[in-house]
Structures are given as structure tokens and as C-alpha cells.
Amino acid sequence: METASPPPAVHPTDEPLLARVLRVYKPSCQYLKSAAVTTDGGLTVATCEFAIPAPFYIDDTGHFNAVEFNLCYNQMMYYAVAKSVKEGLMAPFAHWTMDDYWQRQLPDFLIVDFHSSFSKGVKVARFHGEIAFRKVRESAGGRNWQPMIVADTTCRYWDDEGGRSQGEVRMVIVNPPPREQPEGSAQ
């Protein structure tokens, strides 16, 4: 007899957490409006809603471009990791505290490889996005490098008129908090 897989766990938008995650952005650059984080068989995905009222750096182009792609990626990634820390959703973040996250959110999260493509212009007034954490692994560090967490992610954006873009991003988190040592173990 086959056992059915458990249904995916869906964590709807946590408004206070979202507000805290986005506080590092100027109010006019807080594009992420909601994010539901789903875990299913070890895969963590955040499905998001965005709105960009006006570009902060150029006259309005009317479409999504590489700058907005990156800012929206950062916002959904920051939220997905914060929610994973809070709910213990994704290794290796399950042992972090929220204080661990807040201390590292800006200085220790680094994009090390970034690829994006645009199939059809996305309208920025209201659009959707998704980030999937495909592989997340810890590196203990060594003689010439520091401990880190490496996350291979994919992302995509779309609007209700067929606009779409997608990308692959490798993110590294340096200075992860140490795992607690069991009592009596050597340090």
C-alpha cells in the first residue's frame, strides 16, 4: 500500500515580518507586497506579489528591467529566508534565531552569480514573482576561506498580460551563526 505524500506546507504572508524585512529599503523602494512561502519535499518556494509605483533612478520606462529584477529578487529572498528562520523551514536556517538573521541581513548576504532574461516586458504596476531555493548547502570553511551557506536559486516574474522574465542566482551568506555544540563536546 502506497502512502500519500504530505501536502505542501503553505505559510501565508506574515505582515509584521514583511514590514521588518523591508525596513532596510526606502519606502518608495518597498516593492514586495505579499509572499506565501511553501515547503514541499525539501524545496522552499516563495510566491510573491509586487508593485512598483515609479522608478527611483530614471524616468518611467513602463516596464520591468534589470534593476527592478535585482531589487525584487533581494526582497523576496530576504523574506523567504527570514520566514524560514522564524518557522524552521529550511536547513541550514532552522537553527538560526531571528537576531541571527537581523544581524546578517545586509552585511552577510552576497549575490555571487546572477543571470536574468526577459521574454516579454512585465508591467510594473502589479506583477507576480517566485523564488525557489533549489539547493542550499553549508560549507564549514577551511584554511583559506570562511564558513558560508551557498544557495542556488531560480526566480521568475510575470504579469497578467503575458509579460515574463526569469533568472538563476547563486547567493552566499558569509559569517553564518555557529551551530551549538552539544554539552561536553570539544570546541
Side-chain angles (χ1 to χ4, degrees), residues 8-40 43-87 89-90 93 98 101-134 136 151-173:
V10 179
H11 303 270
T13 304
D14 179 332
E15 296 290 341
L17 182 65
L18 178 59
R20 178 96 191 259
V21 165
L22 294 179
R23 77 179 185 168
V24 299
Y25 291 89
K26 293 179 180 181
S28 62
C29 295
Q30 294 177 1
Y31 304 148
L32 181 59
K33 303 306 177 193
S34 68
V37 178
T38 305
T39 55
D40 187 13
L43 181 66
T44 300
V45 176
T47 305
C48 306
E49 295 288 329
F50 294 94
I52 301 175
F56 68 91
Y57 60 95
I58 194 170
D59 286 342
D60 193 352
T61 62
H63 62 81
F64 192 63
N65 63 42
V67 173
E68 285 97 3
F69 187 111
N70 194 331
L71 287 169
C72 291
Y73 173 85
N74 286 349
Q75 290 179 18
M76 64 183 170
M77 177 274 300
Y78 284 143
Y79 179 81
V81 172
K83 187 66 172 171
S84 293
V85 168
K86 184 175 181 182
E87 305 294 338
L89 303 179
M90 181 174 31
F93 303 113
M98 288 310 299
Y101 174 82
W102 302 126
Q103 290 171 13
R104 289 163 177 80
Q105 181 183 1
L106 286 182
D108 296 335
F109 284 60
L110 311 170
I111 290 176
V112 297
D113 194 17
F114 182 92
H115 300 276
S116 62
S117 63
F118 299 81
S119 304
K120 183 179 176 193
V122 175
K123 304 289 185 192
V124 296
R126 181 181 170 277
F127 63 102
H128 316 275
E130 181 179 271
I131 183 172
F133 289 78
R134 299 291 179 191
V136 181
D152 292 322
T153 66
T154 57
C155 62
R156 64 189 185 108
Y157 303 98
W158 67 97
D159 64 24
D160 295 333
E161 298 176 30
R164 60 190 181 278
S165 65
Q166 54 280 326
E168 295 181 7
V169 181
R170 175 170 286 164
M171 181 187 66
V172 170
I173 301 168

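All values below come from the heavy atoms of this structure, side chains included, with hydrogens, waters and symmetry mates left out.
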So do the side chains of [X] and [Y] get within less than 4.5 Å of each other, counting heavy atoms only?
{"X": "R170", "Y": "T153", "value": "no"}
{"X": "V85", "Y": "M98", "value": "yes"}
{"X": "K83", "Y": "T44", "value": "no"}
{"X": "N74", "Y": "F109", "value": "no"}
{"X": "F133", "Y": "S84", "value": "no"}
{"X": "N70", "Y": "I111", "value": "yes"}
{"X": "R156", "Y": "R164", "value": "no"}
{"X": "L43", "Y": "P8", "value": "no"}

Side-chain donor/acceptor pairs under 3.5 Å, residues 17-30, sequence neighbours excluded:
| residue | atom | partner | partner atom | Å |
| --- | --- | --- | --- | --- |
| Q30 | NE2 | L22 | O | 3.0 |
| Q30 | NE2 | Y25 | O | 3.1 |

Taking every non-hydrogen atom, the tightest pair across [X] and [Y]:
{"X": "A132", "Y": "V45", "value": "CB-CG2, 3.9 Å"}
{"X": "A46", "Y": "A80", "value": "CB-CB, 4.0 Å"}
{"X": "I52", "Y": "C72", "value": "CD1-SG, 4.2 Å"}
{"X": "S119", "Y": "Q166", "value": "OG-NE2, 3.2 Å"}
{"X": "G129", "Y": "Y157", "value": "CA-CD2, 3.8 Å"}

Can you tell me how far apart [atom1] ([X]) and [atom2] ([Y]) are? Round to the nearest 0.5 Å.
{"X": "S34", "Y": "E15", "atom1": "OG", "atom2": "CD", "value": "8.0 Å"}
{"X": "M171", "Y": "D113", "atom1": "CE", "atom2": "CG", "value": "13.0 Å"}
{"X": "E87", "Y": "T39", "atom1": "CD", "atom2": "OG1", "value": "10.0 Å"}
{"X": "K120", "Y": "E161", "atom1": "NZ", "atom2": "CD", "value": "7.5 Å"}
{"X": "M77", "Y": "C48", "atom1": "CE", "atom2": "SG", "value": "11.5 Å"}

Legend entry - Of F127, Y79, W158, the residue whose pairing with F50 passes ring pair (Phe, Tyr, Trp, His ring centres under 6.0 Å): F127

Inset, instruction - Give a yes or no on whether the backbone of A35 and the side-chain of T13 come within a donor-acceptor separation of less than 3.5 Å. - result: yes

Inset, instruction - Give a yes or no on whether the backbone of N65 and the side-chain of E68 come within a donor-acceptor separation of less than 3.5 Å. - result: yes

Inset, instruction - Report yes or no: do Y73 and S116 form a side-chain donor-acceptor pair below 3.5 Å? - result: no

Inset, instruction - Take D160 and H128 through the side chain to side chain contact (heavy atoms under 4.5 Å, CB included) test and state the conclusion after the steps. - result: CA-CA 9 Å; D160 295 333; H128 316 275; 3.0 Å; yes

Inset, instruction - Output, in order, the C-alpha distance, side-chain angles, deciding distance and verdict of side chain to side chain contact (heavy atoms under 4.5 Å, CB included) for Y78 and L32. - result: CA-CA 11 Å; Y78 284 143; L32 181 59; over 6 Å; no

Legend entry - Near-ring test F114/F69, centroid separation under 6.0 angstrom: yes

Legend entry - The single option from I131, L89, V10 passing side-chain contact (heavy atoms from CB on, under 4.5 Å) against V37: L89

